[in-house]
Protein chains: 4
Amino acid sequence: MLATAAEVFASRGYASTTVREVADAAGMLGGSLYYHFDSKESMVDEVLSVFLTDMWAAYDAVIASGLDARDTFRALIAESFRTIDRHRPAVVIYQNESKHLATNPRFAYLTDSQRRFRAMWLSVLDRGVMEGVFRADLDTGLIYRFTRDTVWLAASWYRSDGRLSADEIARQYMAMVLDGIVTT
Amino acid sequence: MLATAAEVFASRGYASTTVREVADAAGMLGGSLYYHFDSKESMVDEVLSVFLTDMWAAYDAVIASGLDARDTFRALIAESFRTIDRHRPAVVIYQNESKHLATNPRFAYLTDSQRRFRAMWLSVLDRGVMEGVFRADLDTGLIYRFTRDTVWLAASWYRSDGRLSADEIARQYMAMVLDGIVTT
Amino acid sequence: MLATAAEVFASRGYASTTVREVADAAGMLGGSLYYHFDSKESMVDEVLSVFLTDMWAAYDAVIASGLDARDTFRALIAESFRTIDRHRPAVVIYQNESKHLATNPRFAYLTDSQRRFRAMWLSVLDRGVMEGVFRADLDTGLIYRFTRDTVWLAASWYRSDGRLSADEIARQYMAMVLDGIVTT
Amino acid sequence: MLATAAEVFASRGYASTTVREVADAAGMLGGSLYYHFDSKESMVDEVLSVFLTDMWAAYDAVIASGLDARDTFRALIAESFRTIDRHRPAVVIYQNESKHLATNPRFAYLTDSQRRFRAMWLSVLDRGVMEGVFRADLDTGLIYRFTRDTVWLAASWYRSDGRLSADEIARQYMAMVLDGIVTT
DNA sequence: TATGAATGAGCATTCATTCAT
DNA sequence: AATGAATGAATGCTCATTCAT
């Protein structure tokens with residue numbers, strides 16, 4: 001049922017989705033949802049929490065594996081697309097509503113996550129530059145933004161049953177980006 | 001006043017923005033807006049139309065100038081960031097609300113524009129592959145999506161008074177992407 | 001369980017009390033109450049009926065004992081405070097919800113009881129005036145109201161485990177009403 | 001319009017009154033009320049605040065006039081009935097909803113007022129006992145409660161266009177309480 | 001041009017009630 | 001006897017929109 005809510009929020013937008021629409025999609029009446037959830041807000045909350053927890057588990061495993069900058073970068077990209085594969089609707093919601101939701105104390109963890117996310121990517125990129133594996137003439141702050149935007153926005157068009165698998169998309173993205181930022 | 005509306009819609013989201021908030025920002029009362037606009041919908045409509053018209057004028061000029069694939073690509077990227085500079089709020093709105101608005105016949109032009117947009121970029125990329133200037137082992141459909149997403153989402157964080165100018169951001173983006181997709 | 005319902009209704013108000021709260025207090029789940037009661041309404045109904053039946057039994061015994069006006073008055077006051085002692089929550093509910101409930105045909109007996117109540121007290125007071133034991137310059141209709149209100153509203157603050165017993169409160173009240181608070 | 005709301009709340013009970021009913025009584029539609037009030041809560045809030053402010057102005061004037069205990073008592077009773085005459089619906093609401101509303105921080109002033117009210121009456125009664133004008137064998141705490149309940153509950157049945165004026169009711173009440181109903 | 005009072009449809013949420021288990 | 005999932009009507013409230021002034 002959480003998955004149902006996530007899908008509806010993702011496709012219609014959180015604010016524009018009515019509780020009745022979620023209930024319809026879940027095969028019940030409006031009021032019945034409230035037996036399972038406290039509020040509309042707590043639905044997104046749970047959707048986003050579950051997604052972020054899972055995403056960080058994957059990221060933390062990568063960080064813990066002690067790869068060099070370039071392979072860490074590749075692994076993070078790959079994990080990102082795999083996370084999109086597992087949590088597509090949640091990622092779409094995160095992408096679209098995060099900024100607005102974060103103004104609510106209840107969703108402070110969104111800002112925390114974002115901060116940690118930025119620190120993680122910048123650290124990999126800066127390490128790569130220092131190790132001489134990434135070009136030094138690029139603004140890593142910009143590269144971070146470009147990468148972040150492209151990867152997560154992919155959730156908007158990715159279909160798990162589409163022509164390209166998450167791993168293949170990741171491979172192509174890395175091919176595009178890596179051969180650009182790697183010194184030749 | 002249109003600019004005011006665009007800014008409010010961009011920062012709060014179209015659906016979440018109340019007409020009163022737009023009126024406040026414009027220094028008048030809720031009902032007064034209706035002397036200037038038919039409806040909330042016609043406000044976004046005008047915001048988006050103006051933006052798209054201007055964007056296509058710029059793109060058409062590039063296409064008309066008869067450059068080769070690689071320089072066309074560079075010019076389109078540059079024009080995109082310049083368009084963001086001129087129409088940042090409109091681009092944000094376009095990015096966030098387009099999909100939802102497009103279900104309304106009134107906004108059919110959004111879908112048309114998107115289709116034309118896709119055709120234009122694919123044509124440049126495919127021509128580049130054919131001319132041997134872009135790598136042949138990449139999926140141009142994917143490259144198109146990656147590029148589109150990254151460029152337009154930049155409107156979410158770009159500040160015209162920020163550290164980096166639109167042209168500098170464009171330059172960095174091209175450096176990243178081009179050296180990746182260009183044959184070596 | 002009826003006592004539980006009465007207490008909850010008395011403390012939170014009938015309209016503001018949810019069936020779930022009554023169930024909670026009775027140590028069961030919301031739906032389970034309906035094995036014991038037809039409806040929320042039938043709970044108050046039974047609470048009030050039991051209370052009124054008991055109260056009238058006490059009053060009728062007083063009336064039947066053939067005392068003079070002054071002693072009948074004293075006895076009725078005493079019985080009223082004893083009834084409060086036995087049915088405090090029910091009296092509170094009666095006091096607060098009676099007027100509203102009485103619009104419902106099912107609770108017509110509330111209006112009947114009130115009418116009979118008024119007749120009984122007026123008869124005692126008027127008899128006392130006629131017998132010369134109560135002052136003739138008083139409006140017995142008013143005295144009735146003052147007495148009724150004070151006695152029954154005492155249910156709002158009376159505690160059976162408090163400093164003063166029901167009989168002591170009755171004694172003080174009679175002292176005040178019968179002889180006044182001014183020293184003579 | 002505030003008066004309309006007060007009347008509806010008083011007759012149907014705050015919790016049982018719907019915003020639509022208030023609007024009906026005010027000759028408008030449900031949503032229209034919100035142009036004038038923030039919420040249902042702020043309606044009662046204003047009704048009660050206005051009433052309490054006015055009541056305390058009257059009481060304070062009595063206290064300031066430096067009468068002896070007995071005349072202060074009489075004046076306070078008289079002012080109470082006059083306040084009921086001016087603010088009948090508000091007094092009814094205060095009487096019925098006070099306890100429940102007071103759990104809300106917004107209505108903390110209800111508890112404050114009640115505390116001050118109690119202190120004022122007890123001070124008058126105790127002073128009377130000390131001055132020897134009121135009987136010493138009475139529990140002033142009880143007398144306070146009896147008086148408070150009777151006076152304010154009168155708002156439930158008092159009609160400004162009824163047979164008896166507020167001052168006449170006050171006179172009768174004082175006669176009863178001060179000197180008793182028994183002939184001497 | 002602008003105001004402000006009102007509209008009315010729509011929303012999230014509550015809650016008495018039902019019912020299969 | 002009791003559970004727990006569901007119902008659906010009703011509620012407080014929001015907001016785009018209208019319109020007389």
Side-chain angles (χ1 to χ4, degrees), chain A residues 1 5 9 12-24 26-44, chain B residues 1 5 9 12 14-24 26-44, chain C residues 1 5 8-9 12 14-24 26-44, chain D residues 1 5 8-9 12-24 26-44:
Chain A
M1 195 159 69
F9 286 150
R12 286 158 160 77
Y14 174 67
S16 313
T17 299
T18 72
V19 163
R20 267 177 183 79
E21 283 168 342
V22 175
D24 270 6
M28 52 176 76
L29 288 179
S32 307
L33 273 185
Y34 287 81
Y35 182 80
H36 305 278
F37 293 97
D38 282 354
S39 63
K40 187 184 175 186
E41 205 176 77
S42 75
M43 292 187 222
V44 227
Chain B
M1 194 160 70
F9 286 150
R12 285 159 161 76
Y14 173 68
S16 311
T17 299
T18 71
V19 164
R20 238 192 195 80
E21 283 167 343
V22 175
D24 270 7
M28 54 177 73
L29 289 180
S32 308
L33 271 186
Y34 286 81
Y35 182 81
H36 305 278
F37 292 98
D38 282 355
S39 64
K40 187 185 176 186
E41 207 176 73
S42 74
M43 293 186 222
V44 227
Chain C
M1 193 159 70
V8 182
F9 286 151
R12 286 159 161 75
Y14 175 68
S16 312
T17 299
T18 72
V19 164
R20 238 191 195 81
E21 283 168 342
V22 175
D24 270 8
M28 53 177 74
L29 289 180
S32 308
L33 271 185
Y34 286 80
Y35 181 82
H36 305 278
F37 292 98
D38 282 356
S39 63
K40 187 184 176 186
E41 206 176 73
S42 74
M43 292 186 224
V44 227
Chain D
M1 194 159 70
V8 182
F9 285 150
R12 285 158 161 77
Y14 174 67
S16 312
T17 299
T18 71
V19 164
R20 274 171 182 81
E21 282 168 342
V22 174
D24 269 7
M28 53 175 77
L29 289 179
S32 307
L33 274 185
Y34 287 82
Y35 182 80
H36 305 279
F37 293 98
D38 281 354
S39 63
K40 186 184 175 186
E41 206 177 74
S42 75
M43 293 186 220
V44 227

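Residue numbers begin at 1 in each chain, while the letters A, B, ... track the order of the sequences. A quick note: this is a predicted structure, and the numbers were derived from the prediction, not measured. As a basis for the values below, the full set of heavy atoms in this structure was taken, side chains included, without hydrogen atoms, waters or symmetry mates.
- In this structure, the OH atom of A/Y14 is 9 Å from the P atom of E/dA12, given to the nearest Å.
- In this structure, the CG atom of D/D24 is 14 Å from the C1' atom of F/dT11, given to the nearest Å.
- Applying the Watson-Crick and G-U wobble criteria (two distances, each under 3.5 Å), F/dT17 pairs with E/dA6.
- Proximity note for A/K40 (side chain, C-beta onward) versus F/dA2, E/dT13, E/dA16: the nearest is E/dT13.
- One N or O on the side chain of D/S42 and one on the backbone of D/S39 form a donor-acceptor pair closer than 3.5 Å.
- Within 4.0 Å (heavy atoms only), D/T17 reaches sugar-phosphate atoms of the nucleic acid but no base atom.
- Atom-to-atom distance recorded for D/Y14:OH and D/E41:CD is 5.0 Å, nearest 0.5 angstrom.
- Geometrically, C/K40 does not engage C/F9 in a cation-pi contact, judged by NZ or CZ lying under 6.0 Å from the ring centre and within 45° of the ring axis.
- In terms of position along DNA chain E, the nucleotide closest to B/L29 lies nearer the 5' end than the nucleotide closest to the other residue of the pair A/G30 and B/L29.
- With rounding to whole Å, A/E21 atom CD is found 16 Å from E/dT13 atom C1'.
- Residue A/L33 holds its CG atom at 9.5 Å from CG of A/D24, rounded to the nearest 0.5 Å.
- Between the D/T17 side chain and the D/G13 main chain, a donor and an acceptor come within less than 3.5 Å of each other.
- Both distances falling under 3.5 Å, in either a Watson-Crick or a G-U wobble arrangement, place F/dG12 opposite E/dC11.
- Closest contact between the side chain of A/T18 and the listed nucleotides E/dA12, E/dG10, E/dA2 involves E/dA12.
- Between D/R20 and A/S39, it is D/R20 whose nearest contact on DNA chain E lies nearer the 5' terminus.
- The distance from atom CZ of D/R20 to atom CG of D/L29, rounded to the nearest 0.5 Å, is 9.5 Å.
- Taken from CE in D/M1 to CZ in D/F37, the straight-line distance is 4.5 Å, to the nearest 0.5 Å.
- As a whole-Å value, the separation of D/R12 CZ from F/dT11 C1' is 15 Å.
- The distance between atom CE of A/M28 and atom P of E/dC19, rounded to the nearest whole Å, is 18 Å.
- Within residues 31-38 of chain A, the residues approached by DNA chain F to less than 4.0 Å at the level of any non-hydrogen atom are A/G31, A/S32, A/Y35, A/H36, in residue-number order.
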